[in-house]
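Within every chain, numbering begins at 1; the chains are lettered A, B, ... in the order of the sequence lines, protein sequences first and strands thereafter. Excluded from the calculations below are hydrogen atoms, water molecules and symmetry mates; all remaining heavy atoms, backbone and side chain alike, are included.
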Amino acid sequence: MLSIQYIRENKAEIIAACKQKNLDPKVVAEVLSVNTLRKQLQNETDTLRQQSNMIAEAIKQAVGSGQKPTTKQTEAGKKIKDQLKELEPKLKEAEASFAEKMLEIPNVPAADVPVGADESGNKVVKTIGKPKQFAFTPKPHHELMEQADMLDTRRAVRIGGFRSYFLKNDGVLLEQTLLQYALRKLENLGFTLLSAPVLVNEETMWGTGYLPWGQEDHYLTQDKQFLAGTSEVALTAFHTGELLREKDLPIKMAGISPCFRREVGAHGKDTQGIIRVHQFNKVEQVVYTVADENKTREWHEQMTHLSEELLADLELPYQVLLMCTGDMGAGQRKKYDIETWFPAQKKYRETHSASYFNDFQARRLDIKYQASDGTKKFVYTLNNTMAASPRLLAAIVENYQQKDGSIVIPKVLQAMMGKKLITPVAQ
RNA sequence: GGAGAGGUGGCGGAGUGGUCAAUCGCAACGGUUUCGAAAACCGUGACUCUUUCGGGUCCCGUGGGUUCGAAUCCCACCCUCUCCGCCA
């Protein structure tokens, strides 16, 4: 959410932002016109309420000096009450409509975000590590994992439908090790560890900006709770409605949770393997900073760098992409995706995503802090993937495969995993 | 699921129809003072009208209702806590 003052003063910029993000810009005009109506109705009701209060005050004075209210007074009061009964529902409606429209206004992309309609407009910022040259044709991760008895999709699909999977044996252990490694890394950097709720209410989904834009990407329960697609939702909302102190900032949180995605727009994509699934596990970083875009941009770089460091630890080749306007979320100012090399596909595939929002989410969630100058400001929020499995797990498996189908455990995970090699199992 | 208690400003905690935006305590921040600090004193929400000075409305979980007038009375809902039941 942006402030109405900002929207009023920067109408053209926001209309441009809508277009750049492939959203309908008509909400901008709508929010401004309903705001005018709202103010007008408020002025009218305020005037009536003032009159009503004056009558009540006069009666109070009379009663205080032992007199009784006159019929004239009570009649006048009643008349105003009738008028208010007509006017107030209109004001309520205008206010509700205003609040609703405000939640449909997207954030403006940062100045250095490339304008583009879709993923073709994304820019590769850097490419790190060289894809390993295999002396044989590398197999896709799912084949390797099945051979090593780490994965069963055939039975899973019978149980949970398309895109379901069982991790098995070393698959389970390697996933746990990877997530644990990511958590430890963040813990060592002073992040607060949180095992986050996945079942969240509608307000929280609105607050983080997943509504109205991402409605169809989420599962909704019969109790009107959503299954969150990421622990970003719960972590970003952690201090909802609170007034923090500047000295509390930055607040650094590391969440771990299952994540649920409907993948409705992805029919026919990634039908092989476990790159695109409805349920996965993820370690996520969420940070609140002071209300200073330079500070938040520093954190954006730093958080992205933490993910890069994890990939470097795992010795996986990757590239960092600066996402263009058409490929970023409505609430985001700027987003980097990290894509990790998948040798069997001969492609870099998205494994991480780092975004910053300024106060877009904090306004919706009402998360403020008292700044050192005494004023109250909204915090600036950011989030980033630290490790998402099974996607990153699949990357490890593909990159670490050997000719005989065995999989070397990345060095940094060996001690925690308790082994150095996963070998195929005779079928 | 059953029974009970409760939701008041950053926190604690008064307040049972008009003198309540709300006593009091603590904290944070700003101001005055100071070489600086402490102490002391003053101030601190949202919206809105106004060039300024200043004015108005709203804000006691949420939404309705009663009343000239509601934090206070009535109704519904939400949430929290305690006990019981069920249960990973």
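- Checked against the 6.0 Å centroid threshold, A:Y336 and A:H300 count as a close aromatic pair.
- Heavy atoms of A:Q42 sit under 4.0 angstrom from at least one base atom.
- Judged by Watson-Crick or G-U wobble contacts below 3.5 Å, the nucleotide B:G4 has B:C81 as its partner.
- For the pair A:Q51 and A:P69, nearest-nucleotide mapping onto RNA chain B gives the more 5' position to A:Q51.
- Atoms CD (A:E88) and P (B:G64) sit 9 Å apart, rounded to a whole Å.
- For the pair A:K60 and A:R49, nearest-nucleotide mapping onto RNA chain B gives the more 5' position to A:K60.
- Across all strands, A:K92 comes closer than 4.0 Å only to sugar-phosphate atoms, never to a base (heavy-atom distances).
- When distances run from any side-chain atom of A:A56 to the nucleotides B:G18, B:C29, B:C47, the shortest one goes to B:G18.
- Closest to the side chain of A:Q50, out of B:C68, B:U57, B:C47, is B:U57.
- Within the 4.0 Å cut-off from OP1 or OP2 of B:U67, not a single side-chain nitrogen or oxygen of A:K85 is found.
- One atom, CD of A:E242, and another, C1' of B:G10, lie 10 Å apart when rounded to the nearest Å.
- An OP1 or OP2 oxygen of B:C47 is reached within less than 4.0 angstrom by no side-chain nitrogen or oxygen of A:K39.
- Across the protein-nucleic acid pair, A:I80 atom CD1 and B:C68 atom P stand 12 Å apart, rounded to whole Å.
- Side-chain proximity of A:N43 to the nucleotides B:U48, B:A28, B:C68 is greatest for B:U48.
- Here B:A46 presents its P atom at 14 Å from NZ of A:K377, a figure rounded to the nearest Å.
- The phosphate of B:G56 (OP1 or OP2) has no side-chain N or O of A:N53 nearer than 4.0 angstrom.
- Pair assignment for B:A40: B:U32, on the basis of Watson-Crick or G-U wobble contacts that are both within less than 3.5 Å.
- Checked by atom type, the side-chain pair A:Y181/A:D313 shows a donor-acceptor distance below 3.5 Å.
- For B:C58, the paired base is B:G45 (Watson-Crick or G-U wobble, both distances below 3.5 Å).
- Taking atom CD of residue A:E57 and atom C1' of nucleotide B:G17, one finds them 15 Å apart after rounding to whole Å.
- Counting to the nearest Å, the C1' atom of B:C47 and the CZ atom of A:R8 are 12 Å from each other.
- Judged by distance alone, the side chain of A:E88 and the main-chain N or O of A:K85 form no donor-acceptor pair under 3.5 Å.
- In this structure, A:I59 reaches the bases: a heavy-atom distance under 4.0 Å links it to at least one base atom across the strands shown.
- Side-chain atoms of A:N281 and A:S389 include no donor-acceptor pair closer than 3.5 Å.
- Nucleotide B:C73 forms a Watson-Crick or G-U wobble pair with B:G65, both donor-acceptor distances falling under 3.5 Å.
- With rounding to whole Å, A:K368 atom NZ is found 12 Å from B:G9 atom C1'.
- At least one donor-acceptor pair under 3.5 Å links the side chain of A:K21 to the backbone N or O of A:A330.
- Here B:G45 presents its C1' atom at 12 Å from CZ of A:F378, a figure rounded to the nearest Å.
- Within the shown strands, nothing qualifies as a pairing partner of B:A88 under the Watson-Crick or G-U definition with both distances less than 3.5 Å.
- Not one side-chain nitrogen or oxygen of A:K247 sits closer than 4.0 Å to the OP1 or OP2 atom of B:A28.
- Summarising the base pairing, B:C20 is matched to no nucleotide, lacking a Watson-Crick or G-U wobble pair whose two defining distances lie under 3.5 Å.
- Cation-pi check for A:K334 over A:Y356 is not met; the charged atom does not lie both under 6.0 angstrom from the ring centroid and within 45 degrees of its normal.
- Distances shown here put every side-chain N or O of A:R245 at or beyond 4.0 Å from the OP1 or OP2 atom of B:A27.
- Residue A:K376 has its side chain nearest to B:G45 when only B:G56, B:G45, B:C68 are considered.
- Ring-plane geometry between A:W213 and A:F360 is classed as tilted, the angle between the planes lying from 30 to 60 degrees on a 0 to 90 degree scale.
- The separation of B:U62 from B:U50, taken at their P atoms, amounts to 30 Å, rounded to a whole angstrom.
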